Amino acid sequence: MSGFLERLKRFLKGLEIGMREVSTSLIEKELEEYENVFALITMGIFSGIPSPPTGIVLRILPYMSREISVMVKRSADLDDVFAETLSHFDIG
Amino acid sequence: MSALIVLIGAIIYLVSYFTYGKALEKNVVKVDTKRETPAVRLRDNVDYMPANKFVLFGHHFASIAGAGPIAGPAIAMVWGWLPSLLWVWFGNLFIGSVHDYLSLMASVRYDGKSIQWVAGKIMGERTKTVFELYVLFAMILIIAAFMATFTALASKSPEILTGTVLFIVIAVIEGLILYRTKIPFNLATIIGVIMLVLVIFISFKWPFINIPDPHTLYILQFIYIVFAAALPVWILLQPRDYLNSFLLYAGLALGLVGAIITFRGFSWPAFTTFSARAVGGQPSPFWPTVPLVIACGALSGFHSIVGSGTTSKQLDKEISGLFVGYGAMFTEGFLSTIVITSIGAFGLEVLGAAAAKVTELGVDMAQLTAGGAYLGNNYVKAANAVGGTLAVFTKSYGMMLNKAIAIPATFGATFAGLWVSAFVMTTLDTTNRLGRYAWTELWEPVKNASAGLYTFLSNRWVASIVVAAIGLWLVWGNTYTVLWAGFAGTNQLLASIAMLTAATWVKNVQKAGKWATAVVIPAIFLWITVFVALVWYLIKVVPTLAAATKVPMYIFTIVMLILDIILVAQFFVSYRKGPELEKTKT
Amino acid sequence: MQTFFFLGKGGVGKTTLSAAFASGISNEGKRTLVVSLDPAHNLGDAFAEEIPCKIKHLSKTLDAIEVDVDRMILEYLNELSSKLKHTYRYLSVMNIDRYFDILKNSPGIEEYATLEGIKKFVFEECYDTVIFDTPPTGITVRVLAMPKISLIWTANLVSMRRKILSRRKMIENVRGKFEAEIEGEVLELTSEERNDPIMQELLIYKKETKALSELFSSDKTFVNIVTMAEDLAYFETKRIHESLTEFKIHLRKIYLNKFLRIENPPPEISGKIKEQERVTEMMKDHFKGIEIREVPMLRESPRGIPQLLDLYEKFIQ
């Protein structure tokens, strides 16, 4: 009996974690997009797109490990953006 | 009878899961417990991370379940409950779930890449373009089809309309509570659920928003779409999405309980006539047109997008794939089973309760309830008296709950209506966002020709308005069954891509030998069915459309048919290519 | 405190005039600092003294300094390099050495370092007057314009950053503190402005830049062009004036240096004299409200404070 209750507790806990994830999944996606763009713009200097004056870039570059890692990840997946974006939206 | 059908359905799905499903897992997918999934191997805690399989199931199921599995079968009752049920059971079992499961697993084997990407690799680059064009068409048709279906329902039901508007309000409130305050998540969820119940109650008791004119509703939806799709997701879309899942699970659970407890016989005929008037008032032969009516619930191309887009990147072990991919589709089929049961048991009663209005539309009640061909030919027409075929479902659902657990029938009907409208509204929002994206992509080539024009066309508001406006234009003079068939058609075309890709994968990469037939035969059958159905649609339905929309629909349909031919040609080429195809490593 | 910028092409005598002006003003009792930002570094020649990159007292009221912009650039890059090594040691994707080659030659880095050089002195309390002998006009105009341009970029970056932080906060409200794993190390992602180093840097930068921008457009800043009465010089001066106006920076004086005042000009240079007259007329006509001063060609280039003072008193004061 206690084993069953234990399993039930774990199931409910898992359910709760799942619900928390579901309730923010779209916001997370949006956040990643913003972080990606932020990194792209800051690093624009290296890819020939308009970028902020070097001064700003030099100052914030040391703190951008997260944003740059998102950007690098995104550029690796560029060949699959369309369907990947599609999948986040409820259409069924 | 109702309980019997539901139980038989459950048994069929369960048995198939453990026999056919497991066989697919072993012989076709060749699941290897030692092989790491991309969620583990490529884990980055951004997109790739293993999720608990129950949580993943819930997420996947909620993503694939929308208004589709409900609206489709509601129309399909026109052929009688038996044909619809058989398609929902066996179409799902042999085609739909196979499609979902294999799209998921193929994606898993290709590092979580989408089915579009995999199709490009296995069947050639052209397939990627075909995919993208289908999606663009689908976006516009979905907006039209869903707007039409919802309007048919809401124009005759102030309860549902009121509920829909109030739902928007509480979604915004829930968003504020969840994301902008420090109120604990569990408490916020409970508040959300309470607000939901209140909305249903208030709408049922005091339905103060009453707009019977469909055209007004179209315009209001248009405005809603354009603004909702421009908002940041946290304000409306995300909390909506969250609250929707509660409606879904409640609807499913209550429906199951209701069907079993009422233990009611089916008054609806098992079979009306082969060519009942399902689409656009035209005699629609069950084969090949059933996939143009029942999409999700039996087979839906959009599931492959969800499965191979997010789910495959979160699958913790290969062995969980069957549960998540295959199992979720079965559950959706089960949902459609409940819809059919509900209408089967109470549908005629619903129509009978509105006898006066039905007669006004020129339908003879006595002949209708006698069943047979008359019902098949006049069901859709008669249903307009209550709000379309969807309303036949919501009202029968209400009656079912009333008989089972003594909730007022209107309350149950309002709940069911809100359940459907919640998903419709969310889908309209997301489709507009995606349509906007696809629209902007489409005009890329213009950038070089005229930068100014491109800037104008790709402006967020312009793109949003244009996409919604095209949907509005399509819906303006046409009935929902016609638009629904258009949407379902594109949906099945997307499914064809996924099935043909899966078939090629299974034969050439997986080398599943004779087991490949389990995928190839359904894939070919599907392709033929959909192709013939679209030709039928082109010849029989499009000419009956409102004059202004005839030309674009002709163009849509012909383009889709051409792309479909290109698709099958690509399939035969790559299918024959055989062992050259290598599984790519990213 | 008043700030003076002397702009001019190489060879027009801008350094000499800056030095003369500095000598004169300091002689009137104002505590003066003259700063050379010009990589050509001729200030020492003008004063006939070695001017190092530390402040040198030339007289009781006059100090001078030469700023080595290239060295500043290297210093910034080194500082960046050490900071980056600390945060990026595990980001194998980035090849740090190549970074610096690109940054070292990136458009804007020279302007940035020059602006930093200006910033160091322009808010000094202990001088009444700061005079800048500027680099070639192209860079200087960009440098003077930079604060306004930077402000626009900074505003955009700040607003983008706010969007990111607000979404992190939303997710935090539901899921607790946001942690990201980057190459094996766990990083806590902050959602508060005051804890976000990027936001703080942006805000500090915004404040500094705003102060500079306001200063450059104020009545405490005097931008002067040193040029010659020639056609090409006229067009160039026109262009500089337009650029400065665009950025709300006032042009105060135009010095027509090496002006030919010859009693009986030989025929070889009569064409030159005519051009000179013509251009002077055009300038007076076009640059209304801006004082135009003719500084004659001297027999010898002035060297040392006494000669510079003489130049000042005769033609510049």
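Chain letters run A, B, ... following the sequence lines, proteins first, then strands; residues in each count from 1. No experiment lies behind these values; they were computed from the predicted model shown.
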Item to complete: Decide yes or no on side-chain contact (heavy atoms from CB on, under 4.5 Å) for C:I198 and A:E67, but give the supporting numbers first.
Response: CA-CA 11 Å; C:I198 296 181; A:E67 286 76 9; 4.2 Å; yes
Scored by heavy-atom pairs under 4.5 Å with chain C, the best of A:V37, A:I41, A:I56, A:I27 is A:I56
Whether over 12 other heavy atoms sit under 6.0 Å from C:K206 NZ = no
>> Can you confirm whether C:K210 is buried at NZ, in the sense that more than 12 heavy atoms of other residues, nucleotides or ligands lie under 6.0 Å from that atom?
In response: no
When the 4.5 angstrom heavy-atom criterion is applied to A:E32 and chain C, the contacting part is neither
Fill in: Within 45° cone of A:F38 ring axis and under 6.0 Å: C:R161 NZ or CZ
yes
Most heavy-atom pairs under 4.5 Å with chain A, out of C:Q200, C:E208, C:M170, belong to C:E208
Self-check item: Salt bridge A:E35-C:R168, side-chain N to carboxylate O under 4.0 Å
Solution: yes
Heavy-atom closest pair (C:L157 atom, A:P52 atom, distance to 0.1 Å) is CD1-CG, 3.9 Å
Whatever's closer than 4.5 Å to a heavy atom in chain C on A:I17 counts as neither
Interatomic distance, CD@A:E33 vs CD1@C:I164, rounded to 0.5 Å, equals 11.0 Å
* Under the side-chain contact (heavy atoms from CB on, under 4.5 Å) criterion, do A:T24 and C:N173 qualify, and how do the steps go? -> CA-CA 10 Å; A:T24 53; C:N173 280 338; over 6 Å; no
Salt bridge A:R20-C:E172, side-chain N to carboxylate O under 4.0 Å
no
CG (C:L202) and OH (A:Y63) are apart, to the nearest 0.5 Å, by 11.0 Å
Taking every heavy atom of A:S23 against every heavy atom of C:V174, the minimum-distance pair comes out as OG-CG1, 3.5 Å
Bottom line for C:T154: the part with an atom under 4.5 Å from chain A's heavy atoms is both
Closest heavy-atom pair, A:P53 versus C:W153, reported as atoms and distance to 0.1 Å, is CD-CD1, 3.4 Å
query = Does a side-chain N-to-carboxylate-O contact under 4.0 Å join A:R59 and C:E116?
reply = yes
When every non-hydrogen atom of C:G108 is compared with those of A:T54, the smallest separation belongs to C-OG1, 3.5 Å
Taken to the nearest 0.5 Å, the spacing of A:E28 CD from C:R167 CZ works out to 13.0 Å
